[in-house]
Amino acid sequence: MGDPGNKARIAVLASGRGSNFVAVQKSIDAGEIDASIVVLICNNPGAGAIDAARKFGIDVAVIESAGVSKADFDKQVVNKLKEYDVDLILLAGFMKIIGRPLLEAFQGKILNIHPSLLPSFKGLDAQRQAIEYGVKVSGCTVHFVDEGMDTGPIILQAAVPVFDNDTEDSLSKKILAEEHRIYSEAVKLFLENRLTINGRRVFIRQQPV
Ligand code: GRF
């Protein structure tokens with residue numbers, strides 16, 4: 001893709017359909033975020049996100065995780081991120097735990113989106129967990145990534161109601177619409193340098209500095 005000049009350089013890591021990736025790219029195209037997604041890294045060669053990246057003219061790096069040691073996989077991902085000189089890494093449906101080498105190389109620069117109101121319903125099938133538990137409110141969370149699974153400091157959350165006739169599918173759709181909104185918002189806040197991590201808490205400055 002073209003030279004992004006002085007714009008912030010984003011890498012997206014995805015394993016699946018890539019709708020959050022597309023939502024962030026659309027916010028960039030709409031002029032809401034001043035940045036460029038310079039590379040999509042996928043561990044799954046069949047991911048829908050790859051087709052989306054090609055349509056946008058965004059570089060794709062497929063780094064397969066199957067049959068590779070975690071250490072080798074992490075090393076290849078870190079090298080690719082360094083090659084692209086990225087300022088921010090977005091996990092968007094990336095089905096791998098982020099290892100220490102990546103965390104150390106890009107400390108405080110990795111965000112994730114999760115389809116529940118953390119700390120409830122971490123891990124896989126969060127929407128199904130919410131339905132089965134019987135909560136009346138669920139939602140999504142954008143957070144900094146740490147060594148745990150869905151445990152890092154929370155940046156933004158959005159809530160949606162859970163009605164009696166909701167299914168895993170209908171709840172997922174409601175949550176996804178909010179995911180697309182708050183992921184872009186969190187990216188904007190990060191790039192405007194408005195986030196401060198204080199222990200588990202993330203403070204948001206009203207004005208860019
Ligand atoms: C989203 O629900 C996200 O919260 C979770 O994985 C899903 C990815 O969806 N981490 P998509 O690939 O962005 O469409």
Side-chain angles (χ1 to χ4, degrees), residues 10-29 32-33 35 37 39-56 58 60-65 77 88-99 102-103 110-133 135 137-162 166-190:
I10 299 175
V12 177
L13 275 57
S15 306
R17 82 194 142 177
S19 73
N20 278 287
F21 157 56
V22 168
V24 173
Q25 179 58 45
K26 284 187 173 165
S27 298
I28 290 171
D29 287 344
E32 289 155 17
I33 297 173
I37 299 179
V39 63
L40 172 81
I41 298 181
C42 249
N43 64 320
N44 164 19
I50 295 176
D51 297 331
R54 298 227 159 98
K55 282 192 194 121
F56 285 117
I58 294 170
V60 174
V62 175
I63 302 178
E64 291 202 42
S65 50
V77 173
L88 172 63
I89 298 162
L90 303 179
L91 309 187
F94 188 61
M95 306 305 282
K96 297 281 293 177
I97 298 280
I98 296 302
L102 220 156
L103 284 171
I110 311 176
L111 311 188
N112 183 42
I113 178 114
H114 182 75
S116 75
L117 292 175
L118 291 172
S120 292
F121 313 129
K122 300 185 178 93
L124 289 178
D125 301 324
Q127 302 93 330
R128 187 189 314 161
Q129 293 183 54
I131 292 280
E132 285 175 356
Y133 199 90
V135 293
V137 177
S138 191
C140 49
T141 304
V142 182
H143 63 91
F144 283 103
V145 172
D146 65 10
E147 271 178 89
M149 189 177 22
D150 306 322
T151 52
I154 290 170
I155 301 169
L156 290 175
Q157 294 187 298
V160 304
V162 183
D166 266 320
T167 60
E168 179 184 356
D169 193 47
S170 66
L171 179 60
S172 299
K173 286 196 177 101
K174 278 192 274 189
I175 292 175
L176 194 63
E178 292 301 303
E179 291 186 39
H180 294 165
R181 186 176 65 77
I182 68 168
Y183 214 176
S184 289
E185 201 179 320
V187 168
K188 188 172 158 65
L189 290 169
F190 179 94

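Remember, it's 1-based here, ligands and their atoms both numbered in the order they're listed.
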_Pro115 side chain near Glu179 side chain, heavy-atom distance below 4.5 Å_ = yes
*asked:* Does Ile110 form a side-chain contact (heavy atoms from CB on, under 4.5 Å) with Asp146? I'd like the steps, not just the answer.
replied: CA-CA 8 Å; Ile110 311 176; Asp146 65 10; over 6 Å; no
*Would a distance-only check, ignoring hydrogens and angles, find a side-chain to backbone donor-acceptor pair under 3.5 Å from His114 to His143?*
no
*State, yes or no, whether a side-chain contact exists between Phe94 and Val12 at a heavy-atom distance under 4.5 Å.*
no
*Could you name the protein residues that come within less than 4.0 Å of ligand 1, counting only heavy atoms, and order them by chain and residue number?*
Arg17, Gly18, Ser19, Asn20, Gly93, Ile113, His114, Pro115, Glu179
*Could you check if a side-chain atom of Asn44 sits within less than 4.5 angstrom of a side-chain atom of Val62, using non-hydrogen atoms only?*
no
*Can you name the side-chain contact (heavy atoms from CB on, under 4.5 Å) partners of Val137, sequence neighbours left out?*
Leu117, Ala159
